[in-house]
Amino acid sequence: REEDNNADAPFFKIILIGDSGVGKSNLLSRFCHNKFTLQFNSTIGVEYTTKTLTIHGHPIMAQIWDTSGHTKLRPITDAYYRGAAGALLVYDVTRHITFVNTHKWLADLRNHADPNMVVTLVGNKSDVRQSVMVSTEVGKSFAEKESLYFVETSALRATNVEHAFTDLVANIY
Ligand code: GTP
Ligand code: MG
């Protein structure tokens, strides 16, 4: 049975970080359940979803953790980061402040996380073309400077969401 095979699969903890409202939970629900919610329900506490991915023909278990982007609602920083092999650091391309704050998130990550952690910078809401405040070039060059992978996504349109998660895991594996 598939579940039995998966029990032997390598296992990676992945974390979602970034400001409140950038779309972390919707990226996760789009990826794991092909679901998107227009209404904003800020995450309370910590949740995780486990999904088996196929990377170069091999099953890999990804345990993807999600929490609030409000730092005050995140008293468990150490436990959240502990053991994580990869992170999606998400900003909202229509809100410049969320991009500025990726600097803080990165500093936090480098303080708490494994130095070998693989990080992808994710510019989400790429569907809202007319109000883009952070250009692809600006996002990409920051990622290059900080040695991060880079992708622009839309959880709403399901653009690059699969890529964002599977490429991260492939880069860890
Ligand atoms: P916290 O849990 O508070 O940290 O927020 P979050 O980062 O989990 O954001 P969430 O996924 O809840 O999304 C916030 C709002 O942005 C919701 O109203 C979503 O519908 C909307 N949203 C998320 N992704 C996209 C996207 O790709 N495009 C557009 N247009 N809206 C999006
Ligand atoms: Mg959330």
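One-based numbering along the sequence shown. Whatever order the structure lists ligands and atoms in, that order sets their numbers, starting from 1.
- When all heavy atoms of F150 and A143 are compared, the pair lying nearest together is CB-CB, 3.7 Å.
- Near V128, with a cut-off below 4.0 Å to any heavy atom, the atoms of ligand 1 are 30 (N).
- For R110, the CZ atom is densely surrounded, since the number of other residues' heavy atoms within 6.0 Å is greater than 12.
- Minimum interatomic distance between D19 and V22 (heavy atoms only, all atoms of both residues): O-CG2, 3.1 Å.
- Residue-level proximity to ligand 1 for N26 is carried by backbone and side chain together, each with a heavy atom below 4.0 angstrom.
- Shown are T159, T120, D127, N124; of these, the side chain to side chain donor-acceptor pair (under 3.5 Å) with T153 is made only by N124.
- Of all the heavy atoms of D127, the ones lying under 4.0 Å from any atom of ligand 1 belong exclusively to the side chain.
- Only the backbone of T37 comes within 4.0 Å of ligand 1, counting heavy atoms alone; no side-chain atom from C-beta on gets that close.
- Atom 24 (N) of ligand 1 has its closest protein heavy atom at N124 ND2, 3.2 Å.
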- [ ] Starting from the C-alpha separation in whole Å, work towards a yes-or-no answer on side chain to side chain contact (heavy atoms under 4.5 Å, CB included) for I15 and M117.
- [x] CA-CA 10 Å; I15 57 174; M117 186 191 277; 4.2 Å; yes
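- Residue S68: no N/O/S atom is found under 2.8 Å from the Mg ion (ligand 2).
- Only the backbone of D19 comes within 4.0 Å of ligand 1, counting heavy atoms alone; no side-chain atom from C-beta on gets that close.
- Scanning the protein for heavy atoms near atom 27 (O) of ligand 1, the closest one is A155 N, 2.8 Å.
- Looking only at heavy atoms of the protein, atom 9 (O) of ligand 1 is closest to G23 N, 3.1 Å.
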Would L88 and L168 count as a side chain to side chain contact (heavy atoms under 4.5 Å, CB included) if you check the C-alpha gap in whole Å, the side-chain angles of each, and the deciding distance to 0.1 Å? CA-CA 8 Å; L88 293 181; L168 177 68; 3.9 Å; yes
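- Only the backbone of Q39 comes within 4.0 Å of ligand 1, counting heavy atoms alone; no side-chain atom from C-beta on gets that close.
- Looking at every heavy atom in both residues, T52 comes nearest to P59 through CG2-CB, 4.0 Å.
- Where the criterion is an N or O separation shorter than 3.5 Å, residue side chain and backbone included, G18 fails it with respect to ligand 1.
- Every atom of ligand 1 with a heavy atom of S68 under 4.0 Å away is listed here by number and element: 4 (O).
- Rounded to 10°, the angle formed at the Mg ion (ligand 2) by T43 OG1 and S25 OG is 80°.
- Ring planes of W65 and Y80: perpendicular class, angle over 60° (limits at 30 and 60°).
- In terms of polar-atom proximity, D66 is not counted as a contact of ligand 1, lacking any N or O under 3.5 Å from an N or O of the ligand.
- Annotation for K140: atom NZ does not count as buried by contact number, only 12 or fewer foreign heavy atoms lying within 6.0 Å.
- Any N or O atom pair closer than 3.5 Å counts here, and F36 shares no such pair with ligand 1.
- Between F99 and H103, the ring-plane angle classifies as perpendicular under the 30° and 60° cut-offs.
- Under 2.8 Å from the Mg ion (ligand 2) lies no N/O/S atom of S20, from backbone or side chain alike.
- Here the protein heavy atom with the shortest distance to atom 5 (O) of ligand 1 is G21 N, 2.9 Å.
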Apply salt bridge (charged side-chain N to carboxylate O under 4.0 Å, His left out) to residues K24 and D66 and explain how you reach the verdict.
CA-CA 7 Å; K24 299 179 296 297; D66 181 28; 5.5 Å; no
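- Ligand 1 has a nitrogen or oxygen under 3.5 angstrom from a nitrogen or oxygen of S42.
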message: Determine whether D108 and Y81 satisfy the following criterion, side chain to side chain donor-acceptor pair (under 3.5 Å), listing intermediate values before the conclusion.
response: CA-CA 10 Å; D108 201 36; Y81 288 121; 2.8 Å; yes
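- Ring orientation note: the planes of Y173 and F12 are nearly perpendicular, at an angle over 60° on the 30°/60° scale.
- The heavy atom nearest to atom 21 (C) of ligand 1, considering only H70, R157, K125, is found in K125.
- Given atom 7 (O) of ligand 1, the protein heavy atom at minimum distance is K24 NZ, 2.8 Å.
- No heavy atom of T153 sits closer than 4.0 Å to any atom of ligand 1.
- Counting only heavy atoms of the protein, atom 18 (O) of ligand 1 lies nearest to L38 O, 2.8 Å.
- Placement of F36 and V128 in two distinct hydrophobic clusters is found when ILVMFWY residues are connected by side-chain heavy-atom separations under 4.5 Å, directly or transitively.
- The ligand atoms of ligand 1 that sit less than 4.0 angstrom from a heavy atom of G69 are 1 (P), 4 (O).
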